[in-house]
Amino acid sequence: AMRGRMKAKAEAQGVKLSYMPFFMKAVIGALRQFPIFNASLDDATNEIIVRKSLHMGFAAATDNGLLVPVVKHADQKSILQIAREMGEIAERTRNGKATSDELSGSTFTISNVGSIGGLFATPIINHPEVAILGVNALKKRPVVMPDGSIQARDMMYLGLSFDHRVTDGAEAVKFLNAITERQTQPQAAS
């Protein structure tokens with residue numbers, strides 16, 4: 001609903017507003033709550049390095065395979081600023097014109113297989129990060145409501161891959177729940 005309300009404003013500014021900026025904001029809020037997922041593991045020293053910066057990578061399909069453009073300091077940007085930057089960087093990436101700086105330095109990555117119809121996916125962690133979020137297709141599904149009625153609702157599955165050397169399944173579920181909670185209230189996402 002929030003995306004629908006913002007879509008006309010975005011289009012008036014020449015910005016295509018997908019769901020990804022909303023996911024980024026939700027992930028940013030969850031990373032503040034669970035900073036271990038905004039970390040990397042130094043293989044040489046076996047040290048965990050928790051990053052203070054929030055540089056959000058997103059998977060982009062190109063003719064040369066999957067690349068990860070990065071929205072630097074995404075926590076300091078609005079949803080519309082993120083959407084604009086994602087669109088610009090993704091276009092340069094697909095055209096082979098992205099700079100090495102635009103394709104490096106992510107501290108957490110989101111892979112959106114839903115945009116190509118994926119319903120379930122297990123994304124591979126973007127090394128040296130310690131986790132990656134997989135966003136799947138948004139589809140109408142029957143949902144049993146609290147009153148027992150069944151309604152068609154827009155639903156999607158999220159997948160989180162994470163490095164068990166750094167964190168565990170209990171923390172991963174809490175982190176994923178924090179993302180989900182923020183998606184139900186995107187105005188308070190971060």
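Owing to the predicted nature of the structure, the values given are computational and were not obtained by experimental measurement.
Considering Lys140, Arg3, Lys139, Arg141 as possible partners of Asp154, the one that fulfils the salt bridge (Lys or Arg N to Asp or Glu O under 4.0 Å) test is Lys140. Just one residue in the list Ile125, Val130, Asn126, Leu133 forms a side-chain contact (heavy atoms from CB on, under 4.5 Å) with Ser161, and that residue is Ile125.
Looking at Phe58 and Met24, their side chains come closer than 4.5 Å, going by heavy atoms from C-beta outward. Side-chain contact between Ile28 and Phe108 is absent, with no heavy-atom pair separated by less than 4.5 Å. Looking only at side-chain heavy atoms (C-beta outward), Ile36 and Val50 come within less than 4.5 Å of each other. Side-chain contact between Val113 and Val135: absent, with no pair of heavy atoms (C-beta onward) separated by less than 4.5 Å. For the pair Ile150 and Val143, the minimum side-chain heavy-atom distance is 4.5 Å or more. The closest side-chain heavy-atom distance from His73 to Ser53 is below 4.5 Å. With a 4.5 Å cut-off on side-chain heavy atoms, Val71 and Met86 count as touching. Between Leu80 and Arg84 there is no side-chain heavy-atom pair separated by less than 4.5 Å.
Interatomic distance, CD1 of Ile48 versus OG of Ser40, reported as 9.5 Å (0.5 Å rounding). Taking CE from Met56 and CZ from Phe23, the interatomic distance works out to 11.5 Å, rounded to the nearest 0.5 Å. Between atom CZ of residue Arg94 and atom CG of residue Asn64 there is a gap of 13.5 Å, rounded to the nearest 0.5 Å. Remark: Asn95 CG to Glu91 CD distance equals 5.5 Å, nearest 0.5 Å. Here the CG atom belonging to Leu41 is positioned 8.0 Å from the CD1 atom belonging to Ile49, to the nearest 0.5 angstrom. With rounding to the nearest 0.5 Å, the separation of OG in Ser106 from CZ in Arg51 is 10.0 Å.
Side-chain contact, Thr99 with Asp101: no donor N or O sits under 3.5 Å from an acceptor N or O. Side-chain atoms of Glu129 and Thr107 include no donor-acceptor pair closer than 3.5 Å.
The nearest pair of heavy atoms linking Gln33 to Ala178 is OE1-CB, 3.7 Å. Between Asn136 and Gly159, the shortest heavy-atom contact is ND2-N, 4.3 Å. The two atoms that bring Glu85 and Val70 nearest to each other are OE2-O, 4.2 Å, heavy atoms only. Closest heavy-atom contact between Ala26 and Arg182: O-CD, 3.2 Å. The shortest non-hydrogen separation linking Val15 to Ala83 is CG1-CB, 3.5 Å. The shortest heavy-atom contact between Gly57 and Val68 is CA-CG1, 3.7 Å.
Between Lys174 and Glu171 there is a salt bridge, with a side-chain nitrogen of the basic residue lying less than 4.0 Å from a carboxylate oxygen of the acidic one. Salt bridge annotation for Arg32-Asp75: present, with a cationic side-chain nitrogen under 4.0 angstrom from a carboxylate oxygen.
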Stepwise side chain to side chain contact (heavy atoms under 4.5 Å, CB included) test for Met145 and Arg153: CA-CA 10 Å; Met145 304 305 290; Arg153 302 295 292 259; 2.7 Å; yes

Chi angles and distances behind the side chain to side chain contact (heavy atoms under 4.5 Å, CB included) call for Val173, Asn177: CA-CA 6 Å; Val173 170; Asn177 286 341; 3.7 Å; yes

Full working for side chain to side chain contact (heavy atoms under 4.5 Å, CB included) between Phe162 and Ile132: CA-CA 7 Å; Phe162 57 95; Ile132 184 170; over 6 Å; no

Criterion side chain to side chain contact (heavy atoms under 4.5 Å, CB included) on Thr45 and Asp42, from CA distance to verdict: CA-CA 6 Å; Thr45 63; Asp42 185 321; 3.2 Å; yes

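Shown here is Asp43, whose CG atom has more than 12 heavy atoms of other residues, nucleotides or ligands within 6.0 Å. Heavy-atom neighbours of Met156 CE from other residues, nucleotides or ligands within 6.0 Å: above the threshold of 12.
In this structure, Gln183 contributes its side chain and Thr180 its backbone to no donor-acceptor pair below 3.5 Å.
The salt bridge (Lys or Arg N to Asp or Glu O under 4.0 Å) search around Lys97 returns none, not counting sequence neighbours.
Note on ring orientation: taking the six-membered ring where Trp is involved, the planes of Phe37 and Phe34 are perpendicular (angle over 60°, cut-offs 30° and 60°).
Tracing side-chain contacts under 4.5 Å through hydrophobic residues (I, L, V, M, F, W, Y), one reaches Met20 starting from Leu31; they form part of the same cluster. Linking Ile, Leu, Val, Met, Phe, Trp and Tyr whenever their side-chain heavy atoms come within less than 4.5 Å puts Leu138 and Leu176 in one cluster.
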